[in-house]
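Everything below concerns the one structure shown next.
Computed from a predicted structure; not experimentally measured. Every heavy atom of this structure was used, including side-chain atoms; hydrogens, water molecules and symmetry mates were not.
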Amino acid sequence: MCRCKAHIEHFRIRMLSFFEDFEDGGLGYVEMLFRCNYLALVGGGPRPKYPENKVIIWDDLKKEKVTELEFDGPVRSVKLKRDRIIVILDKVIRIFNFTRIPQELHQIQTAPNPRGLCALSPTTTNSVLAYPGVEVGHVNLVDLSDMMEKPMVDISAHEAALSCIALNLQGTQLATASEKGTLIRVYDTQTHERLLELRRGAANASIYCINFNQDSTLLCVSSDHGTIHVFSEDPTRNRTSSLSKARGILPKYFSSNWSFTKFQIPAGIHCICAFGNDKKSVIAICADGSYYKYSFDNKGESHIDTCCKFLQMTDE
């Protein structure tokens, strides 16, 4: 699975005219700095190219290693900003400045975080970082631009442990899911109020990915049920139960906001998803090397636009 995750990132690189084939070892995690030539690489798979406790900063333009960071335990994920390298370990997040000789600036204690959950606002005007709090189901928010003066914010998002967190492009909204995977909750990162509660389904599911569209009017969510759900932040567009008018009398389930459209991934393959540039499409990149583009209209009608396979999978 680690090797598949690396190949998923290769798709992203290739669409931006970059492609690097590491044939002498596997990668477990790849993170790109915006759309530039810098990548963070972590080894993975049965034959890791790099030790799994190291982060390699790679310059894809020069095809060379810029610097590396080594830790006592395995690296779960990495986030990059132009001036920061954020490394997520099992129970701690370590923050460095982004230079050829990175200096550690901060350490943040977290709940056990084997998934490497962490979300970083990509915009230069908002430096919010979201990560699992010490308490189960809680999300903490910090402002990387002023961690000494601005206090950490704690949001009690779910009763169960977190399975996925995501920030919108502007860093103003936070989406969360728990290990139950039935509900997606959206919070305002400034006021810390809950804005929305969206229902993916009634049965438990493992949420793989949550993404906002560019103007934060839609969310897409993929899970191990082999589906991608699309929700609107305008509740009137989402589906509701015919019994929703009995809110306050019937259980909360009957007043839920359900996705206004969804797509089925063939064979239920593990995938990540994001919105296309045309605002009415969703792109899915799957662990078996397949690529899907789905289109939808305002009524929620959808169809597959593109389906292709980029990789020849092996038994390794």
Side-chain angles (χ1 to χ4, degrees), residues 1-71 74-89 94-104 116 118-124 127 129 144 166-167 169 209 211 214 271-277 283-291 293 308-314 316:
M1 185 59 70
C2 289
R3 197 172 180 86
C4 291
K5 288 181 181 178
H7 286 154
I8 287 174
E9 296 293 340
H10 278 178
F11 277 119
R12 188 182 303 170
I13 298 166
R14 190 165 191 169
M15 287 191 288
L16 297 171
S17 300
F18 295 108
F19 186 80
E20 183 68 26
D21 192 2
F22 295 101
E23 295 182 349
D24 57 341
L27 297 175
Y29 193 89
V30 181
E31 180 78 4
M32 178 180 283
L33 175 61
F34 300 114
R35 295 189 176 186
C36 77
N37 50 300
Y38 287 108
L39 307 171
L41 309 177
V42 180
R47 294 186 300 109
K49 178 173 179 61
Y50 305 110
E52 296 180 12
N53 66 329
K54 281 189 176 183
V55 174
I56 306 299
I57 303 300
W58 178 267
D59 186 334
D60 199 67
L61 188 62
K62 297 180 179 179
K63 306 297 182 184
E64 66 180 23
K65 178 176 69 175
V66 176
T67 190
E68 66 178 55
L69 297 165
E70 184 173 359
F71 303 92
V75 175
R76 297 308 185 187
S77 64
V78 185
K79 301 297 177 185
L80 299 177
K81 281 183 83 77
R82 296 191 188 281
D83 60 347
R84 294 288 186 271
I85 302 171
I86 297 99
V87 181
I88 297 85
L89 306 174
R94 299 178 63 175
I95 302 171
F96 301 81
N97 58 5
F98 200 144
T99 60
R100 284 193 171 272
I101 306 178
Q103 301 297 312
E104 186 164 19
C118 185
L120 177 64
S121 171
T123 180
T124 56
S127 296
L129 179 75
L144 291 181
L167 289 166
L169 182 64
C209 178
N211 259 317
Q214 288 194 5
C271 75
I272 58 175
C273 58
F275 288 95
N277 291 328
I283 293 169
I285 306 297
C286 302
D288 66 346
S290 56
Y291 166 96
K293 182 179 179 182
C308 54
K309 199 161 187 176
F310 282 89
L311 299 175
Q312 185 69 39
M313 304 302 291
T314 69
E316 294 183 1

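Under the rule for a ring pair (Phe, Tyr, Trp, His ring centres under 6.0 Å), the partners of Phe98 that lie at least two apart in sequence or sit in another chain are Tyr38. Evaluation of the side-chain hydrogen bond (donor to acceptor under 3.5 Å, both in side chains) rule for Lys54 yields Glu68 as partners, not counting sequence neighbours. Scored by the side chain to side chain contact (heavy atoms under 4.5 Å, CB included) test, Pro48 finds Glu52 as partners (sequence neighbours excluded). The side chain to side chain contact (heavy atoms under 4.5 Å, CB included) test applied to Gln214 returns Asn277, not counting sequence neighbours.
Side chain of Asp59 to backbone of Glu64: no donor-acceptor contact under 3.5 angstrom is found. Remark: side-chain polar atoms of Ser127 are not paired, donor with acceptor, to backbone N or O of Leu144 under 3.5 angstrom. Panel note: side chain Thr67, backbone Ile57; no donor-acceptor pair is recorded below 3.5 Å. Side-chain atoms of Asp288 come within 3.5 Å of backbone atoms of Ser290 as a donor-acceptor pair (strictly under, hydrogens ignored).
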(request) Using the side chain to side chain contact (heavy atoms under 4.5 Å, CB included) rule, take Val55 and Phe71 through it: C-alpha gap first, then chi angles, then the decisive distance, then the call. (result) CA-CA 9 Å; Val55 174; Phe71 303 92; 4.0 Å; yes
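Scanning all heavy atoms of the two residues, the minimum distance from Pro102 to Phe96 falls at CB-CB, 4.0 Å. Nearest heavy-atom pair, Ile101 versus Asn97, reported as atom, atom and distance to 0.1 Å: O-OD1, 4.3 Å. Of all heavy-atom pairs spanning Asn211 and Cys209, the tightest one is ND2-SG, 3.7 Å. Nearest heavy-atom pair, Tyr29 versus Lys79, reported as atom, atom and distance to 0.1 Å: OH-NZ, 3.5 Å.
Between the side chains of Asp60 and Asn37, no donor-acceptor pair of N or O atoms lies under 3.5 Å.
Remark: Lys65 NZ to Trp58 CH2 distance equals 9.5 Å, nearest 0.5 Å. Between the CG atom in Leu167 and the SG atom in Cys118 there is a gap of 8.5 Å [rounded to 0.5 Å].
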Can you give the donor-acceptor pairs under 3.5 Å from side chains of residues 80-89 to other protein atoms, not counting sequence neighbours?
| residue | atom | partner | partner atom | Å |
| --- | --- | --- | --- | --- |
| Lys81 | NZ | Ser121 | O | 2.8 |
| Lys81 | NZ | Thr123 | O | 2.9 |

